[in-house]
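Below is one structure, written out as structure tokens; the observations come after it.
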Amino acid sequence: MNNKFHLAFKVKDLESTIIFYNLILGCKLGRQTEHWVDFNFFGHQLSAHVSDKIPKLDYCGNVENLKVPIPHFGCLVENKVFSTIQESLEKHKVDFIIKPQKRYKNKIGEQKTMFFLDYSNNPLEFKCFKNELDIFKD
């Protein structure tokens with residue numbers, strides 16, 4: 001078995017969460033109760049738990065003069081998957097915190113990136129590296 005990550009996070013309700021992660025992002029549904037739901041998040045396990053205490057966003061991250069919310073989560077995907085997600089977000093009128101763009105152009109780590117919020121105000125980032133070997137390079 002390849003290593004997989006597991007992330008449990010807070011959501012306001014299961015109905016809008018299932019719409020967002022299953023319908024918009026295309027994540028397959030996993031196990032579910034009346035209080036939580038699992039998703040296959042691009043090969044990883046994501047567990048959404050209902051809470052009435054969703055934390056406020058903190059835009060304390062500064063990357064290439066862009067303010068990004070910390071914490072956030074997401075996935076490194078291939079270019080075709082990145083484009084499919086972008087198109088689905090646009091089709092469903094999901095606003096971008098940071099619109100899809102290229103960062104570190106012509107440098108090690110060149111990548112496409114986009115930030116957006118799920119329906120519970122959780123920030124997500126998706127990235128697509130020009131060269132996958134650059135992911136951990138200085």
So how far is it from [X] [atom1] to [Y] [atom2], rounded to the nearest 0.5 Å?
X: I98; Y: K67; atom1: CD1; atom2: NZ; result: 11.0 Å
X: N22; Y: L29; atom1: CG; atom2: CG; result: 4.0 Å
X: T33; Y: L14; atom1: OG1; atom2: CG; result: 7.0 Å
X: E125; Y: L76; atom1: CD; atom2: CG; result: 8.5 Å
X: K12; Y: S51; atom1: NZ; atom2: OG; result: 13.0 Å
X: L46; Y: C75; atom1: CG; atom2: SG; result: 10.0 Å

>> Could you go through N131 and E110, starting from their C-alpha distance and side-chain angles, then the distance that decides it, and tell me whether this counts as side chain to side chain donor-acceptor pair (under 3.5 Å)?
In response: CA-CA 7 Å; N131 181 350; E110 181 175 324; over 6 Å; no

>> Run the side chain to side chain contact (heavy atoms under 4.5 Å, CB included) test on L25 and L124 for me, step by step, so that the C-alpha distance in whole Å, both residues' side-chain angles and the decisive distance to 0.1 Å come before the verdict.
In response: CA-CA 11 Å; L25 292 185; L124 288 92; 4.3 Å; yes

>> One pair to check against side chain to side chain contact (heavy atoms under 4.5 Å, CB included): C128 and Q111. What are the steps and the verdict?
In response: CA-CA 5 Å; C128 172; Q111 62 192 258; over 6 Å; no

>> For the aromatic rings, using the six-membered ring if either is Trp, is the centroid distance between F115 and F126 under 6.0 Å?
In response: no

> Y21 and Y119: aromatic ring centres closer than 6.0 Å?
Replying inline: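 No, ring centres 6.0 Å or more apart.
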
> With a 3.5 Å cut-off and no angle check, do the side chains of K112 and N79 form a donor-acceptor pair?
Replying inline: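 K112 vs N79: donor-acceptor pair found between side chains.
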
> Between T113 and Q101, does any side-chain donor sit less than 3.5 Å from a side-chain acceptor?
Replying inline: no

Are [Y] and [X] co-members of a hydrophobic cluster defined by side-chain heavy atoms under 4.5 Å apart?
X: W36; Y: F73; value: no
X: F136; Y: I108; value: no
X: F41; Y: V81; value: yes
X: I85; Y: V68; value: no
X: V77; Y: I135; value: no

> Shortest non-hydrogen contact from P69 to I97?
Replying inline: CG-CD1, 4.0 Å

>> Looking at every heavy atom in both M114 and F82, which two are closest together, and how far apart are they?
In response: CE-O, 3.6 Å

Contact check, side chains of [X] and [Y], non-hydrogen atoms, under 4.5 Å:
X: H92; Y: L23; result: yes
X: N40; Y: C27; result: no
X: F39; Y: K28; result: no
X: Q86; Y: K99; result: no
X: N2; Y: K4; result: yes
X: I18; Y: F20; result: no
X: L117; Y: N122; result: no
X: P123; Y: L57; result: yes

>> Go through it in stages, so that I can follow the logic: the residues are R103 and L66, the test is side chain to side chain contact (heavy atoms under 4.5 Å, CB included), and I'd like the CA-CA distance, side-chain angles, deciding distance and then a yes or no.
In response: CA-CA 10 Å; R103 291 195 329 218; L66 295 172; 4.1 Å; yes

For [Y], is there any backbone N or O sitting under 3.5 Å from a side-chain donor or acceptor partner on [X]?
X: D38; Y: G30; value: no
X: H49; Y: F9; value: no
X: S88; Y: T84; value: no
X: K10; Y: V50; value: no

> Given the rule in the side chain to side chain contact (heavy atoms under 4.5 Å, CB included) test, do L89 and F116 qualify, once you have shown the distances and angles that lead to the verdict?
Replying inline: CA-CA 9 Å; L89 292 166; F116 50 92; 3.4 Å; yes

